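In what follows, a single structure is set out as C-alpha cells and then discussed.
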Amino acid sequence: MVRDPFGADEAPDLQAVLDALDDQECRRIVEELDEPMTASEISDASDIPLSTTYRKLDLLTEASLLTEGVEIRPAGQHASTYEIAFEE
C-alpha cells in the first residue's frame, strides 16, 4: 500500500526521525537511494536482507524521510518504489 504524501498535514514526529537516523541499516538505505528504487533493489544494493529492508523502509517512510511511489509494470505486477523525501 502506498502512503499518501498529502494525507498528513502534520510534521513528522521528531522521535521517529531520530530513531530512523540512529539506525545503521536505515542510514545505509538512505545512502544508497540516489534514484527511486524498489525494496528488492535497495536490499541488493545495501546488502540488507529483504525482510529487514521492508521493516526499515516502513520506519523511514513513517518518519517522512522517504516517499513511496508506484512503478507501473506492463505485466501487471506493480512495485512500490522509494526515494529520499528531503534535500541534503
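Remember, it's a predicted structure, so these values are computed and weren't measured experimentally.
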(message) Rounded to the nearest 0.5 Å, what separates atom CD in E32 from atom OG1 in T53?
(response) 10.5 Å
(message) Restricting to non-hydrogen atoms, name the atom on D23 and the atom on K56 that form the minimum distance, rounded to 0.1 Å.
(response) OD2-NZ, 2.6 Å
(message) If you count every heavy atom of other residues, nucleotides or ligands that lies below 6.0 Å from D34 atom CG, does the total exceed 12?
(response) yes
(request) Would you indicate whether the side-chain heavy atoms of T38 and E41 approach each other to under 4.5 Å? (result) yes
(request) Can you see which heavy atom on A39 is nearest to which on Y54, and at what distance? (result) CB-CE2, 3.5 Å
(request) Applying side-chain hydrogen bond (donor to acceptor under 3.5 Å, both in side chains), name anything that partners E71, two or more places apart in sequence or on another chain. (result) R73
(request) Using the test side-chain hydrogen bond (donor to acceptor under 3.5 Å, both in side chains), find all partners of T52 that sit at least two apart in sequence or belong to another chain. (result) R55
(message) Applying salt bridge (charged side-chain N to carboxylate O under 4.0 Å, His left out), can you list everything that pairs with D19, at least two apart in sequence or on another chain?
(response) none
(request) Could you pull out the closest heavy-atom pair between C26 and A20, with the gap in Å? (result) CB-O, 3.1 Å
(request) Apply the test side chain to side chain contact (heavy atoms under 4.5 Å, CB included) to residues T67 and T61: give CA-CA distance (whole Å), side-chain angles for both, the deciding distance (0.1 Å), then the verdict. (result) CA-CA 6 Å; T67 56; T61 54; over 6 Å; no
(message) I need the minimum non-hydrogen distance between E68 and S80, along with the two atoms involved.
(response) OE2-OG, 3.0 Å
(message) Taking side-chain contact (heavy atoms from CB on, under 4.5 Å) as the definition, give me every residue that meets it alongside A16, ordered by chain and number, with sequence neighbours left out.
(response) D13, A63
(request) Kindly work out whether a path of hydrophobic side-chain contacts (I/L/V/M/F/W/Y, heavy atoms less than 4.5 Å apart) joins I48 to L21. (result) yes
(message) If I take atom CD1 from residue I42 and atom CZ from residue R28, how far apart are they, to the nearest 0.5 angstrom?
(response) 12.5 Å
(request) Report the residues that fulfil side-chain hydrogen bond (donor to acceptor under 3.5 Å, both in side chains) with D44, sequence neighbours left out, ordered by chain and then residue number. (result) none
(message) Which heavy atom of I84 sits nearest to which heavy atom of L33, and what is that distance?
(response) CG1-O, 3.5 Å
(message) Give me the atom names and distance for the closest heavy-atom approach of P49 to S43.
(response) C-OG, 3.7 Å
(message) In the structure I gave you, are the side-chain heavy atoms of T81 and M37 within less than 4.5 Å of one another anywhere?
(response) no
(message) As an exercise, state the distance from OH of Y82 to CG of L65, rounded to the nearest 0.5 Å.
(response) 14.0 Å
(request) With sequence neighbours excluded, tell me which residues meet side-chain contact (heavy atoms from CB on, under 4.5 Å) with L14. (result) L18
(message) Taking the side chain as everything from C-beta on, heavy atoms only, tell me whether I29 gets closer than 4.5 Å to L57.
(response) yes
